[in-house]
Amino acid sequence: MTIDIDRDRLVREIEELALISDAEAPAVTRIVFSPTDLKARAWLIARCETAGLKVQQDAIGNIFAKWAGSEHGAPAVGTGSHTDAIPNAGKYDGVVGVLGALEAIRSLQRSGFRPKHSIELLMFTSEEPTRFGIGCLGSRLLSGTMSSDAARKLLDKDGTSIEELRGTAGFTGALETVKLPGNYYKAFVELHIEQGPVLERKKVPLGIVTDIAAPASLRITIEGCGGHAGGVLMPDRRDALCAAVDTVATVGICEVFPGAVNSIPSRVNLTADIRDTNLARRDAVMNEIKSARQSIAVKRQVSIHEELVNADAPAQCAAAITETLSAACTKYKLPFIPMVSRAYHDSLFMSRIVPAGMLFIPCRNGYSHRPDEYASPEDIERGVIVLAETLATLAA
Ligand code: GLV
Ligand code: MN
Ligand code: MN
């Protein structure tokens with residue numbers, strides 16, 4: 001079997017998908033269930049169908065594109081990632097794992113390989129937390145990590161319910177049907193850009209992920225006392241934004257109310273994102289935030305409300321998958337290193353129900369979640385070769 005990647009077509013497809021965006025090129029914005037997300041999904045489905053894959057979508061909009069195996073009823077080998085993108089993102093996050101998997105499948109088809117186990121490409125709904133405040137929605141539901149009751153309560157920031165949004169997008173089935181039966185998959189592999197600088201610094205083309213860090217996210221609201229920006233001096237204030245800047249965490253959202261240049265902030269909504277591969281250490285930081293919150297509330301005379309959005313356990317990748325990935329790298333004489341994923345991925349949740357693993361390729365300067373995110377065609381091709389070889393081994 002010779003695996004021959006059509007690198008030019010894959011790069012063209014990545015560029016083409018990047019143009020389906022709510023941000024001006026080179027930036028990409030594709031928020032789940034927006035008209036742009038739906039257009040990107042239709043574009044992807046058309047490409048999967050052209051490759052002869054049978055496409056299905058579940059009630060939350062996860063896309064499954066199957067290359068049927070010869071052994072009827074045997075568990076499938078899954079691969080894929082996401083195509084949604086945070087505001088002002090780049091072209092490669094998630095997309096390399098979806099279009100790279102499609103090209104891996106096409107290359108296996110061209111090679112004459114015929115799988116015994118079906119090979120199924122997945123595009124997970126809302127890996128990014130932009131719309132509903134929680135990431136990996138599709139894989140949380142698929143794996144049963146999130147209950148359908150909990151999912152039904154989700155609202156976007158305009159207060160529109162997920163039920164209404166998914167219905168309008170055409171996904172009308174009951175959320176209860178999303179959870180996969182226990183033995184649906186035999187294995188799951190996700191190809192992704194590293195989103196950090198390690199591979200580039202070490203000049204190694206591939207990373208085999210051993211562990212995925214445990215993410216947690218808090219929604220914090222600080223209520224102070226508003227007023228005139230000139231008339232009230234600092235010692236007399238209960239300024240909610242002064243309280244916010246004392247908080248220690250990665251704060252990615254900080255909304256100041258009323259948000260006028262000459263008005264003392266009366267309310268601040270912020271999010272804190274805390275992660276570690278070690279659960280005890282991650283939880284210790286969360287406890288520190290809690291005590292800091294209490295002392296800041298006293299010091300600043302504000303009330304602070306904290307809501308836990310998610311606190312997930314870390315995942316270890318399955319030895320069966322990391323070993324298959326290593327063997328594929330060795331076969332193609334491609335150097336690799338074991339790595340920890342500090343970012344979360346749908347594989348974190350897939351690993352709860354199926355032996356799962358991830359393969360990283362370098363991205364320039366380690367940049368991700370920004371418009372100048374870049375992975376070279378050569379690095380993408382190496383990732384897709386190893387993915388294709390790994391899928392072939394697992395599906396044989
Ligand atoms: C995923 O996009 C993450 O924030 O790790
Ligand atoms: Mn991302
Ligand atoms: Mn991603």
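Sequential numbering from 1 along the given sequence is applied to the chain's residues. Keep in mind the model is a prediction, meaning the values are calculated, not measured. Note that ligands are numbered from 1 as they come in the structure, with each ligand's atoms numbered from 1 the same way.
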(request) State the atoms of ligand 1, each with its element, that fall below the 4.0 Å cut-off from a heavy-atom position in H369. (result)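 The atoms of ligand 1 under 4.0 Å from a heavy atom of H369 are 2 (O), 4 (O).
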
(request) Identify, by atom number and element, the atoms of ligand 1 in contact range of A343, meaning under 4.0 Å from any of its heavy atoms. (result)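 What qualifies from ligand 1 is 5 (O).
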
Would you confirm whether [X], through its side chain, and [Y], through its main-chain N or O, come within 3.5 Å as a donor-acceptor pair?
{"X": "E373", "Y": "D93", "answer": "yes"}
{"X": "T177", "Y": "G173", "answer": "no"}
{"X": "E223", "Y": "S303", "answer": "no"}
{"X": "E103", "Y": "D6", "answer": "yes"}

(request) Report yes or no: is the cationic atom of R166 (NZ for Lys, CZ for Arg) closer than 6.0 Å to the six-membered ring centre of F171, at no more than 45° off its axis? (result)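 No, R166 does not lie over the aromatic ring of F171.
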
(request) Report the nearest protein non-hydrogen atom to atom 2 (O) of ligand 1: residue, atom name, distance rounded to 0.1 Å. (result)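 Its nearest protein heavy-atom neighbour is E128 OE1, 3.1 Å.
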
(message) the Mn ion (ligand 3) and H345: any N/O/S contact shorter than 2.8 Å?
(response)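 No, H345 does not qualify, because none of its backbone or side-chain N, O or S atoms lies under 2.8 Å.
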
(request) May I ask you to check whether H345 and F124 place their ring centers less than 6.0 Å from one another? (result)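 Ring-ring flag for H345/F124: false, centres at least 6.0 Å apart.
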
(message) I'd like the atom name of the N/O/S atom in E128 lying closest to the Mn ion (ligand 2).
(response)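 Going through the N, O and S atoms of E128 one by one, OE2 ends up nearest to the Mn ion (ligand 2).
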
(request) Would you mind naming the N, O or S atom of D93 nearest to the Mn ion (ligand 2)? (result)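 In D93, the N, O or S atom with the shortest distance to the Mn ion (ligand 2) is OD2.
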
Determine, using heavy atoms of [X] and all atoms of ligand 1, whether some pair is separated by less than 4.0 Å.
{"X": "Q195", "value": "no"}
{"X": "R275", "value": "yes"}
{"X": "E127", "value": "yes"}

(request) Would you tell me whether E120 and Y184 have side-chain atoms, one donor and one acceptor, within less than 3.5 Å of each other? (result)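 Looking only at side-chain atoms, Y184 and E120 do form a donor-acceptor pair, the distance falling under 3.5 Å.
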
(request) State, without any angle test, whether T125 and R41 hold a side-chain donor-acceptor pair at a distance under 3.5 Å. (result)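 Short answer, yes.
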
(request) Answer yes or no as to whether an N/O/S atom of H82 is found below 2.8 Å from the Mn ion (ligand 2). (result)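 Not a single backbone or side-chain N, O or S atom of H82 is under 2.8 Å from the Mn ion (ligand 2).
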
(message) the Mn ion (ligand 2) and E127: any N/O/S contact shorter than 2.8 Å?
(response)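 False for E127.
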
